[in-house]
Amino acid sequence: MGKLEHVQTLTKHVGRVWNVAWHPKGEHLASCGEDKTIRIWAKEGSKWVCKAILTDGHKRTIREISWSPCGNYLASASFDATTSIWDKKSGEFECNTTLEGHENEVKSVSWSKSGQLLATCGRDKSVWIWEVAEDDEYECAAVLNAHTQDVKKVVWHPSDELLASASYDNTIKLFREDKSDNDWICVATLESHESTVWSISFDKTGSQLVSCSDDKTVKIWKKYNVNNSEGIPTKDNEPTWKCVCTLSGYHTRTVYDVDWCKLTDFIATACGDDIIRIFQHDENSDYNTPTYSLVNSAEKSHSQDVNCVAWNPKIPGLLASCSDDGDIKLWNFVK
């Protein structure tokens, strides 16, 4: 079993903290929540401190934040139906662009690996894809209405321009651009969860995806390419994504977030039972029917629902979490 060591608790937000996001270089952490602010944290000596507070960008709760791959932009999705883009060109963080289009709450925002595409999703059941044009202008490239309910999460593939979305309709959908006519199309619908899919995360290769749900399970999906050696059927010349493992019996309430570490391959989950759990792939398990073991379960990680878990992209084992209890916590996972 591994050990999740508590490093520090960051308390400045008022009300629930919805999301935390590491800067690509791993030296800064952004957080957002019910108080309509974004806070930027960095290390001073041995302690993490609040370096900036971003206000006036939104009129309601900020649900999620996402750093651009270059690290120069921060996008924030809000219940006020807008997405704001912040940059530091003036020396201080300022909101220089506001994206409008969703009918109501925006739930998630994500940048593609190239930094040229931004995806948002919301309660209006739609997924929007925005292209970054010149002079920091953003143009809507597609509005995708494939889901039948509230869309909770959008995440880009780690290397390809493939977008995954998770929804209240119990499914995960994958989208890519059809190069023949420049239209974005749904190329896969992943069905196995029995209730809302709250979050998704690709592994470092992008050949696997982990999802978490209101059905209290975590599922691992594997990509099978056309003409795969396993004989898994594919259609329309598109890869098939198959659920190869279901982790059930570990979580006692809704699993709100999941993050697959790109450095260590550990999977962290955030649950409504106030516990952070860490899972590890069993190396001796079969490639097509992998198994995973629970290597840590930190009782009372927070005093209320854990909303988000995020592995640091540069420092192995460093994990950030946030909760309805208003706290952000930093942890060090030692195997």
Side-chain angles (χ1 to χ4, degrees), residues 13 15-24 28-41 53-55 57-69 71 73-86 93 95 97-112 115 117-130 138 147 150-156 163-168 172 196-202 211-212 254-260 268-270 305-311 313 319-324 326 328:
H13 279 286
R16 65 179 59 161
V17 186
W18 277 115
N19 192 238
V20 284
W22 291 103
H23 186 277
H28 291 83
L29 179 73
S31 60
C32 67
E34 214 167 25
D35 62 10
K36 312 190 242 331
T37 71
I38 298 166
R39 288 177 179 269
I40 310 291
W41 309 82
I53 306 170
L54 283 50
T55 57
H58 293 288
K59 297 182 180 71
R60 291 184 62 195
T61 290
I62 304 174
R63 181 62 178 88
E64 193 170 287
I65 41 189
S66 176
W67 293 96
S68 62
Y73 300 91
L74 182 67
S76 56
S78 170
F79 287 0
D80 67 10
T82 72
T83 302
S84 292
I85 313 291
W86 308 75
F93 275 103
C95 173
T97 308
T98 300
L99 306 180
E100 298 179 347
H102 283 284
E103 292 172 21
N104 40 42
E105 291 95 328
V106 188
K107 298 291 183 75
S108 179
V109 58
S110 177
W111 298 86
S112 67
L117 296 169
L118 188 72
T120 59
C121 66
R123 192 159 74 88
D124 61 8
K125 308 174 190 172
S126 70
V127 173
W128 288 55
I129 294 174
W130 309 81
Y138 294 78
H147 285 290
D150 182 355
V151 189
K152 300 289 188 187
K153 188 82 173 180
V154 279
V155 175
W156 288 97
L163 181 70
S165 60
S167 170
Y168 189 71
I172 299 154
T196 302
V197 187
W198 274 95
S199 190
I200 43 183
S201 179
F202 284 100
S211 59
C212 64
T254 300
V255 191
Y256 288 115
D257 195 27
V258 62
D259 193 25
W260 201 324
T269 62
D305 293 4
V306 189
N307 291 322
C308 175
V309 280
W311 293 105
L319 181 75
S321 64
C322 64
S323 164
D324 280 3
I328 298 155

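Because the structure is a prediction, the values reported are computed rather than measured. The chain is numbered in sequence order, starting from 1.
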Trainee: Using a strict 4.0 Å threshold on nitrogen-to-oxygen distance, state whether Lys107 and Asp150 make a salt bridge.
Mentor: yes
Trainee: Using the rule given for salt bridge (Lys or Arg N to Asp or Glu O under 4.0 Å), can you reason through Arg60 versus Glu105, listing the C-alpha separation, both sets of side-chain angles and the distance that settles it, and then say yes or no?
Mentor: CA-CA 9 Å; Arg60 291 184 62 195; Glu105 291 95 328; 3.7 Å; yes
Trainee: What heavy-atom pair brings Pro24 and Pro69 nearest, and what distance separates the two atoms?
Mentor: CG-O, 3.5 Å
Trainee: Looking at Glu103 and Arg123, is there a salt bridge between them, counting it only when a charged N and a carboxylate O are closer than 4.0 Å?
Mentor: no
Trainee: Ignoring hydrogens and angles, state whether a donor on the side chain of Asn307 or Asn19 is under 3.5 Å from an acceptor on the partner side chain.
Mentor: no
Trainee: Check whether Thr83 reaches the backbone of Leu99 with its side chain - one donor and one acceptor, N or O, closer than 3.5 Å.
Mentor: no
Trainee: Given side chains that start at C-beta, do those of Val109 and Leu118 come closer than 4.5 Å, heavy atoms only?
Mentor: yes
Trainee: Short question: side chain of Ser112, backbone of Leu117 - any donor-acceptor pair under 3.5 Å?
Mentor: yes
Trainee: When you compare the side chain of Asp257 with that of Trp198, does any pair of heavy atoms fall below 4.5 Å?
Mentor: no
Trainee: Could you check Leu163 against Ile129 for side-chain contact (heavy atoms from CB on, under 4.5 Å), going step by step and ending with a plain yes or no?
Mentor: CA-CA 9 Å; Leu163 181 70; Ile129 294 174; 4.1 Å; yes
Trainee: State, to 0.1 Å, how close Trp18 and Cys308 come at their nearest heavy-atom pair, and which atoms those are.
Mentor: O-CB, 3.6 Å
Trainee: Keeping Ser84 on the side-chain end and Thr98 on the backbone end, is there a donor-acceptor pair under 3.5 Å?
Mentor: no
Trainee: Just wondering, do Val306 and Thr269 contact through their side chains at under 4.5 Å, heavy atoms?
Mentor: no
Trainee: Between Glu64 and Lys153, is the closest basic N to carboxylate O distance under 4.0 Å?
Mentor: yes
Trainee: Which heavy atom of Glu100 sits nearest to which heavy atom of Trp130, and what is that distance?
Mentor: O-CH2, 3.4 Å
Trainee: Can you name the closest pair of heavy atoms from Gly71 and His23 and give their distance?
Mentor: O-NE2, 3.1 Å
Trainee: Are Trp260 and Trp311 close enough that some pair of their side-chain heavy atoms sits under 4.5 Å apart?
Mentor: no
Trainee: So which heavy atom on Phe93 is nearest to which on Ile40, and how close?
Mentor: CE1-CG1, 4.0 Å
Trainee: List the steps, then state whether ring pair (Phe, Tyr, Trp, His ring centres under 6.0 Å) holds for Trp128 with His102.
Mentor: CA-CA 8 Å; Trp128 288 55; His102 283 284; 5.4 Å; yes
Trainee: How close do Ser31 and Val20 get, heavy atom to heavy atom, and via which atoms?
Mentor: CB-CG1, 3.9 Å
Trainee: Does a side-chain N-to-carboxylate-O contact under 4.0 Å join Lys59 and Asp80?
Mentor: no
